[in-house]
*Asks:* 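Below is the structure I would like to discuss, written out as structure tokens.
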Amino acid sequence: MSALPSGPAHVYSGGFLGGSAQARTIRRIMTLAGLPVRLGWPGAQGRVAVWGHSPRARRGAWVAERSGAKILRLEDAFLRSVFPGRVAGEAPLGLLIDERGVHYDPTQPSDLETLLATHPFDDHALIERARLGIARLRAAQLSKYCGHDPDMPPPPPGYVLLIDQVRGDASLRHGGLSGEIPAQLFQEMLIQAQLDHPGARIVIKAHPESRHGARAGHFDATDITEGVSFSEDPVSPWELLEGAIAVYTVSSQMGFEAILAGHRPHVFGHPFYAGWGLTQDLEPHPRRGRRLTRAQLFAGAMLLYPHWYDPCRDALCSYEQAFDHLEAQVRAWREDRHGYVAHHMRAWKRPHLQGFFGRWKRLRFAPNPAPDRPSLIWGAAPAPAGARVLRVEDGFLRSRGLGAALTPPLSLVADDLGLYYDPTRPSRLEALIAAPLPPGGAARARRLIAGIRTAGLSKYNMAGTTPVLPAGHRILVPGQVEDDASITLGAGSIRTNLALLAETRARNPGAVVIYKPHPDVEAGLRPGAVAPDAALRHADLIADRADPVALLDKVQEVWTMTSTFGFEALLREIDVTTFGAPFYAGWGLTRDLGPVPARRTARPGLEGFVHAALIAYPRYLDPVTGLPCPVEVAIDRLAAGVSPRPPLLRVLAKAQGVVAPHMPFWR
């Protein structure tokens, strides 16, 4: 991000001082950037902050001119939110704070133009970050506004794409070298596109604000003639760009994305990305003569110029962290945009489910399905006839505390194909494991594994004792809840903890066998207890109430039926033998002695498997801000001991758990 001298910034607009999420976030980013907001007269050495060239910016410009203060012009960063601020009131994910001008005003140099004109861009690491950033944008289909419907198909390919903009926008009022860009330039652009591509279909892309009725664009139904169509549907800009044979714009940011998509767009104004040899410009820019690559343009505009903000950590951050955050927000919208009907959900779970899946359209808790909404079902509970079902379960980095003790989770999965612990049918997790990694996925998984190991995290993250272990080749046998669905659906011939211990000892007569009872069983909440004398016939030690991570650090192998403990062992590069078919068996990572499904033929490696299981499959909810968040934030919270608050009526909730199996209407 660009460095600014610290000191107060005086403001004269309610947009900076209001109580909305946008105003609060703008003030917070400014404070973190060393520019706390102030009222009053700035003085000759002071600074005045204004929003671009908005109408209210004139007040600040007047004060700056008379006081001699320096003026700072602010705008949203080029990766903003799910919807435009005028549509949904979302706060920006970053700010552009410019001391020289504003990026869309070519009448004078801006900090961005100066950066693009003078930066050497010879840092290999920076350019590699830029290349990866472009690839991730395209793969995730993210843009400045991301409210694209993933089910909305683009037009058939082979068209010329024209990009509309809203009337009166500051980027048009100040987007020409002589000042305001005339409205008729859009009509001239349409005519030129038809002349350049006779007989080709023309698709006019509406601005998101026009589609939502916030502001009018330059094209409407009167422009629809033979061969010209108007695209108001929320189609992904990246898909529109992929199907286009040419792109025409005045100054839209989508022209920048067109460059990143491989186009050389025709540009009729002077946006920040024009004049660097990557566009076909209607008229040359008098100052911009340098030739940049796509990666260099991206490095300047996305990595170096903005001040990015992480709302979960409440800190300025890198572009990559901001991207991860927005990706989590967009995933929540794309998956939840139609809303859900939730069936058979216990009352204590409902507020947390609402936080996970009801951010954009509140959940309905009802016994019957709805034709316009998918159904959420917990685990393997019966589904209503005819419903489109997503089955919900805890994720693999869950909480600090047991689910059976009513500790709400930080992560949940919603599987539209099956259940990850049910090997009798495919699951969405299996599909993700078999799919190619997205750009940067392997490196992100490596960082994630290192973070989990450094923080000593597990599924439940419960403290415990650290027993002294006998010397020798140590095999850890994790106990399980014996009526758990992963055993009833995924175990082989060995289905009890005692049988698991006996078989492990029989196959390893000279090893040190350590038995770790399941914490739910130790707490007396679930079945699966093994009498100590029976366990010690096969085990050398019972690690009662022991710290599971500390045990993993001291053993060479884990033998299990279907326990998630086996996955945690894989994260620590410990050999794992399975007797059942847990979600991590059959992918070339384990020694499998159980009935693993033949369809598991992919070999993703540990990084690919971890990316699927901990990044792509679960959803995470930040217990501090209540926002959808990336897995890295969840790791920070778990490492700091922060978990969602348990329900207030714990006694009632526990009683409900006892009567629920006999009274389905409670669930």
Side-chain angles (χ1 to χ4, degrees), residues 1-54 56-57 59-61 63-65 67-81 85 91-105 108-116 118-119 123 126 129 272 299-326 624-625 633 636:
M1 64 190 71
S2 55
L4 296 167
S6 60
H10 292 76
V11 299
Y12 307 95
S13 166
F16 290 101
L17 300 171
S20 68
Q22 297 182 73
R24 293 195 306 270
T25 299
I26 290 168
R27 289 197 299 273
R28 184 58 181 154
I29 297 174
M30 292 176 67
T31 298
L32 292 169
L35 301 168
V37 169
R38 295 288 186 270
L39 297 174
W41 196 258
Q45 303 303 313
R47 279 172 298 186
V48 172
V50 299
W51 194 261
H53 283 295
S54 69
R56 294 186 181 90
R59 302 174 189 168
V63 172
E65 183 180 352
S67 66
K70 191 176 188 65
I71 191 165
L72 302 175
R73 296 192 184 272
L74 280 65
E75 279 286 346
D76 291 329
F78 300 128
L79 199 65
R80 188 193 188 279
S81 52
L93 197 57
L95 290 179
L96 310 177
I97 305 175
D98 205 303
E99 294 186 278
R100 292 183 176 87
V102 66
H103 67 87
Y104 54 72
D105 181 359
Q108 60 180 345
S110 65
D111 287 345
L112 176 55
E113 182 182 308
T114 303
L115 175 69
L116 294 174
T118 61
H119 195 285
D123 183 334
L126 176 69
R129 281 181 63 201
F272 73 89
M302 301 295 270
L303 303 183
L304 300 177
Y305 182 46
H307 291 75
W308 295 109
Y309 175 64
D310 184 338
C312 291
R313 296 182 175 95
D314 186 31
L316 297 182
C317 66
S318 66
Y319 164 80
E320 290 83 359
Q321 288 174 304
F323 181 97
D324 291 345
H325 176 81
L326 183 60
V624 175
T625 63
V633 170
D636 287 352

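Quantities reported herein were computed from a predicted structural model and do not represent experimental measurements.
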*Asks:* Between L79 and L326, is the side-chain contact (heavy atoms from CB on, under 4.5 Å) condition met? List the steps.
*Replies:* CA-CA 8 Å; L79 199 65; L326 183 60; 3.5 Å; yes

*Asks:* Please give me the minimum heavy-atom distance between V11 and L39, naming the atom from each residue.
*Replies:* O-CD2, 3.7 Å

*Asks:* Of all the heavy-atom pairs spanning V48 and Y12, show the shortest one and how long it is.
*Replies:* CG1-CE1, 3.8 Å

*Asks:* For a quick check under 3.5 Å, do H103 and D98 share a side-chain donor-acceptor pair by atom type?
*Replies:* no

*Asks:* Considering non-hydrogen atoms only, spot the tightest contact between R47 and A69 and give its length.
*Replies:* N-CB, 4.1 Å

*Asks:* Taking the side chain as everything from C-beta on, heavy atoms only, tell me whether L32 gets closer than 4.5 Å to D314.
*Replies:* yes

*Asks:* Thinking salt bridges, do D111 and R100 make one under a 4.0 Å N-O criterion?
*Replies:* yes

*Asks:* Is it the case that the ring center of F272 lies less than 6.0 angstrom away from the ring center of F78?
*Replies:* yes

*Asks:* Between W308 and A77, is there a donor-acceptor pair closer than 3.5 Å when you use the side chain of the first and the backbone of the second?
*Replies:* no

*Asks:* Report the distance from atom OG1 of T114 to atom NE2 of H119, rounding to the nearest 0.5 Å.
*Replies:* 12.5 Å

*Asks:* When you compare the side chain of F16 with that of M30, does any pair of heavy atoms fall below 4.5 Å?
*Replies:* yes

*Asks:* Minimum heavy-atom separation for L126 and A299, please, with both atom names.
*Replies:* CG-CB, 4.0 Å

*Asks:* Rounded to the nearest 0.5 Å, what's the gap from SG on C317 to CG on L93? Could you check?
*Replies:* 6.5 Å

*Asks:* Measure the spacing between CG of L115 and CG of L303 and express it to the nearest 0.5 Å.
*Replies:* 10.0 Å

*Asks:* Can you give me the closest heavy-atom contact between K70 and E99, atom names plus distance?
*Replies:* CE-OE2, 3.3 Å

*Asks:* Is there a side-chain contact between L316 and I29 in this structure, where contact means two heavy atoms from C-beta onward sitting under 4.5 Å apart?
*Replies:* yes

*Asks:* Inspect the surroundings of CZ in R313 and state if more than 12 heavy atoms from other residues, nucleotides or ligands are less than 6.0 Å away.
*Replies:* yes

*Asks:* What's the verdict on side-chain contact (heavy atoms from CB on, under 4.5 Å) for V50 and L72, showing C-alpha distance, side-chain angles and the deciding distance?
*Replies:* CA-CA 6 Å; V50 299; L72 302 175; over 6 Å; no

*Asks:* H53 vs Y104, test: side-chain contact (heavy atoms from CB on, under 4.5 Å). Steps then yes/no.
*Replies:* CA-CA 10 Å; H53 283 295; Y104 54 72; 3.8 Å; yes

*Asks:* Rounded to the nearest 0.5 Å, what separates atom NE2 in H10 from atom OG in S67?
*Replies:* 9.0 Å

*Asks:* Roughly how far, to the nearest 0.5 Å, is the CE atom of M302 from the CZ atom of R129?
*Replies:* 11.5 Å

*Asks:* Could you tell me how the ring of F323 sits relative to the ring of Y319: parallel (under 30°), tilted (30 to 60°) or perpendicular (over 60°)?
*Replies:* tilted

*Asks:* OH of Y305 to CD of E113: how many Å apart, nearest 0.5 Å?
*Replies:* 10.5 Å

*Asks:* Apply the test side-chain contact (heavy atoms from CB on, under 4.5 Å) to residues L35 and I97: give CA-CA distance (whole Å), side-chain angles for both, the deciding distance (0.1 Å), then the verdict.
*Replies:* CA-CA 10 Å; L35 301 168; I97 305 175; 3.9 Å; yes

*Asks:* Does the side chain of L95 reach to within under 4.5 Å of the side chain of Y309, using non-hydrogen atoms?
*Replies:* no

*Asks:* I need the minimum non-hydrogen distance between P92 and I26, along with the two atoms involved.
*Replies:* CG-CG1, 4.1 Å

*Asks:* Is a donor on one side and an acceptor on the other found under 3.5 Å between the side chain of R24 and the backbone of G18?
*Replies:* no

*Asks:* Given 3.5 Å as the limit, does a donor-acceptor pair link the side chain of T25 with the main chain of Q22, or not?
*Replies:* no

